[in-house]
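Shown next, in structure tokens, is the structure this report addresses.
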Amino acid sequence: MATAEKTKIEDNVVHLDPAAEQELTDGFHLVIDALKLNGIETIYGVPGIPITDLGRMAQEEGIRVISFRHEQNAGNAAAIAGFLTKKPGVCLTVSAPGFLNGLTALANATTNCFPMILISGSSEREIVDLQQGDYEEMDQLAIAKPLCKAAFRVLHAADIGIGVARAIRAAVSGRPGGVYLDLPAKLFSQAMDAEAGAKSLVKVIDPAPAQLPSPAAVDRAIELLKGAKKPLVILGKGAAYAQADEEIRAFVENSGIPFLPMSMAKGLLPDTHPQSAGAARSTALKDADVVLLVGARLNWLLSHGKGKTWGDKPKQFIQVDIEPKEMDSNVEIAAPLVGDIGSVIAALNARIDGSWQAPPAEWVETIRSKKDANIAKMAPKLLKNSVPMDFHSALGALKNVIKERPDAILVNEGANTLDLARGIIDMHQPRKRLDVGTWGVMGIGMGFAVGAAVETGKPVLAVEGDSAFGFSGMEVETICRYGLPVTIVIFNNNGIYRGTDTDPTGRDPGTTVFVPGARYDKMMEAFGGVGVHVTSPDELYRAVSAAMDSGKPTLINAVIDPAAGSESGNIGSLNPQSVVKKKK
Ligand code: ADP
Ligand code: TPW
Ligand code: MG
């Protein structure tokens, strides 16, 4: 704490009496105090002008500050911290270039409905607005606005408390999302009376208020479910985020309705649950007559609720979502249930009483037999101890690793590496599968791994395509530096989708291939971590098990047959096709 005597007071400061030995605070400390008051325990970022000292002081004041090598990864760590904790994850960056690097993560968080706050230092308003060429000049607020839920700028130290409070409430209330908070350099050294400063702080009370569905909406949904012959529940990552795990389990089990988890909702109920329709997805979607969506949007991942995926039999949708505008976004929603998932499912549970009848046995049996058949068909592919490995045999090994460590967190990105892992690796607990989300974005891997390890203290297994890993691979240094319990497995098939492309002109490597036989494990060794090179599923199983038991940062380079993958994983159909015939 400084006094007026000792502190050089900037000219933009509230009036102070130099004789009065007044206790002072400043913008730096007010930002830190405001975050701490609201339970923010960790900041993810990259230091530099004008926020270097903010990071140092935050660390000194007991906030955990995790410094990354690139802001996008820090932003992804913050975003996944938000998903895992229901508190906004905070990412701190420098101005223009650092801000822009963090912006991808902010936009991705918003798209995925993860609460996150990107705090960026910025240049002087007077110079930026006259475009006079300040250091890292950029109108950051204007640029951030269309890419996030809300954007705020604080110009006066006395407004920091309100600015931080608004950012927190905007991030977590209603549909969660990304928020931008712009803090110009001058703000940090603005001084003000310490007592007035403390009073200016705002503790956000009830940041994400419960939103109860109307009784009429609940009646409508229950009537529809009761009339269904082939009901289906789809659980999305909103349901995982809501942390209403027991309510959701009670609803599914007491209603007897089969459920289908979206990727990041896997484990909300175990994938091995008898009511899981995971391995009978196509049948479940095609044949269902009433579909209850819980925190899942009818976007591209659900084929917009129409077309071949959904078959030609009539369907009615019930949708639980906190965002009213989500209703009817793609097809008519027969029974909208607007509210928070905890409250809505509790209201539905109250109606699963003596009058409730389980869904027709024929429907439940159809799903079960389809599922059993699909699982049996897959089983031998997962057991092969082949060299070189294909995706199935390698994933068979990892499936066992996760089965034996159900509380470990699985981070997953790539194309084949993603799509096949999603189907093959069963999840057993909620919020343990973190992946590319709504955009199918590459580059979340190391940021998510760090965020998950820091927030939960649990072991993390990151299963990464070799291309996917490259987007955030430098953060292996961060993982080693903080000694995080992260095991990275690179599915190294020498490229994007496959490692077999060539340049038809013979001049360069093909556009989708990398250096063949690259040794990613050596990268880890460069920073004091453990590097392992494996070529068979047995070796892979042993190496991953040992790494996860040791808790030491480890990277396992798993050699996969370069010819094993398919173009774009399982979404090759989204590739546009040229009408021009291929040159010979
Ligand atoms: P998935 O990709 O798993 O299908 P989406 O990201 O498409 O999931 O959908 C998540 C939905 O969950 C969003 O529409 C969001 O508004 C909603 N949501 C998030 N949190 C809650 C909550 N606590 N209560 C109700 N809905 C929520
Ligand atoms: C930010 C396009 C989708 S999947 C992928 C790319 C580049 C990599 C696939 O190769 P990988 O997996 O990871 O080796 P595998 O097992 O099939 O070989 N830029 C961004 N996001 C996306 N989605 C892309 C590019 C893409
Ligand atoms: Mg690859």
Side-chain angles (χ1 to χ4, degrees), residues 260-261 263 266-267 270-272 276-283 370-406 408 410-428 432-433 435-436 440 445 461-469 487-500 512-513 517 520 532-545 547-548 556-573:
L260 192 64
S263 195
K266 274 166 68 80
D271 283 329
T272 50
S276 168
R281 187 178 192 272
S282 317
T283 305
K370 187 75 203 168
K371 178 172 102 173
D372 290 348
N374 284 343
I375 291 173
K377 210 162 98 193
M378 179 74 91
K381 291 192 199 167
L382 305 183
L383 289 172
K384 270 198 309 205
N385 195 30
S386 56
V387 178
M389 290 184 274
D390 58 19
F391 288 93
H392 289 86
S393 58
L395 287 166
L398 298 184
K399 176 188 169 115
N400 292 332
V401 170
I402 290 294
K403 187 174 168 193
E404 289 156 9
R405 290 169 192 74
L410 178 71
V411 171
N412 190 199
E413 60 178 337
N416 294 279
T417 303
L418 175 92
D419 291 333
L420 293 167
R422 185 197 299 118
I424 291 169
I425 301 180
D426 287 332
M427 303 310 295
H428 308 273
K432 299 297 187 190
R433 188 186 153 84
D435 68 25
V436 300
L461 173 62
V463 179
E464 302 272 313
D466 52 339
S467 164
F469 172 71
T487 301
I488 304 156
V489 175
I490 310 282
F491 274 17
N492 189 354
N493 63 349
N494 292 351
I496 298 174
Y497 316 137
R498 299 163 70 87
T500 51
T512 60
V513 300
Y520 293 94
V532 190
H533 177 73
V534 302
T535 56
S536 75
D538 282 353
E539 270 183 298
L540 175 63
Y541 171 80
R542 283 199 300 274
V544 179
S545 303
M548 293 187 77
I556 297 161
N557 184 56
V559 179
I560 304 285
D561 181 355
S566 53
E567 178 88 4
S568 302
N570 73 1
I571 54 173
S573 59

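Counting begins at 1 with the first residue of the sequence.
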If you look at every heavy atom in Ile560 and Ala394, which pair is closest and at what distance? CD1-CB, 3.9 Å

Using every non-hydrogen atom in the two residues, find where Asn493 and Tyr497 come nearest and quote the distance to one decimal. ND2-O, 3.2 Å

Atom NZ in Lys370, atom CZ in Arg281: separation rounded to 0.5 Å? 14.5 Å

Residue pair Lys403 / Thr272, side-chain heavy-atom distance below 4.5 Å: no

Salt bridge Asp426-Lys399, side-chain N to carboxylate O under 4.0 Å: yes

Any side-chain heavy atom of Val534 within less than 4.5 Å of one from Met389? yes

Can you tell me how far apart CD1 (Ile496) and CG (Asn416) are? Round to the nearest 0.5 Å. 11.5 Å

Mind checking whether Thr283 and Lys371 have side chains closer than 4.5 Å, heavy atoms only? no

Rounding to 0.5 Å, atoms CG (Asp372) and NZ (Lys377) come to a distance of 13.5 Å

Separation between OG of Ser263 and CE of Met427, rounded to the nearest 0.5 Å: 9.5 Å

Between Ala279 and Asn374 the two heavy atoms that sit nearest each other are O-ND2, 2.6 Å

Ignoring hydrogens and geometry, is there a side-chain-to-backbone donor-acceptor pair from Ser568 to Ile571 under 3.5 Å? no

Please step through side-chain contact (heavy atoms from CB on, under 4.5 Å) for the pair Ile556 and Val532, ending with a clear verdict. CA-CA 5 Å; Ile556 297 161; Val532 190; 4.0 Å; yes

Please find the pair of heavy atoms, one from Pro537 and one from Ala397, that lie closest to each other, and give the distance. O-CB, 3.6 Å

Can a side-chain donor-acceptor contact be found between Arg498 and Thr512 if the only test is distance below 3.5 angstrom? no

Heavy-atom side-chain proximity of Asn492 to Asp466 below 4.5 angstrom: yes

Member of Val463, Val544, Leu461 meeting the side-chain contact (heavy atoms from CB on, under 4.5 Å) criterion with Ile402: Leu461

Heavy atoms, side chains only, cut-off 4.5 Å: are Phe391 and Ile424 in contact? no

So which atom in Pro261 and which in Gly278 form the shortest heavy-atom distance, rounded to 0.1 Å? CD-CA, 4.4 Å

Between the main-chain N or O of Asp538 and the side-chain N or O of Asn385, is there a donor-acceptor pair closer than 3.5 Å? yes

Do Asp390 and Lys384 have side chains that approach each other closer than 4.5 Å (heavy atoms only, starting at C-beta)? yes

Looking only at heavy atoms, the pair that brings Val387 and Ser536 closest together is CG2-CB, 3.7 Å

Close side-chain approach of Met378 and His392, heavy atoms under 4.5 Å: yes

Between Val411 and Glu413, is a side-chain contact (heavy atoms from CB on, under 4.5 Å) present by the stated rule, with each step listed? CA-CA 7 Å; Val411 171; Glu413 60 178 337; 5.7 Å; no

Checking the side chain of Asp419 only, and the main-chain atoms of Asn570 only, is there a donor and an acceptor separated by less than 3.5 Å? yes

Can you say whether the rings of Phe469 and Tyr520 are parallel (under 30°), tilted (30 to 60°) or perpendicular (over 60°)? perpendicular

Quick one: pull up CG in Asn412 and CZ in Arg422 and give me the separation to the nearest 0.5 Å. 8.0 Å

Rounded to the nearest 0.5 Å, the CD1 atom of Ile425 sits from the CG atom of Asp271 at a distance of 10.5 Å

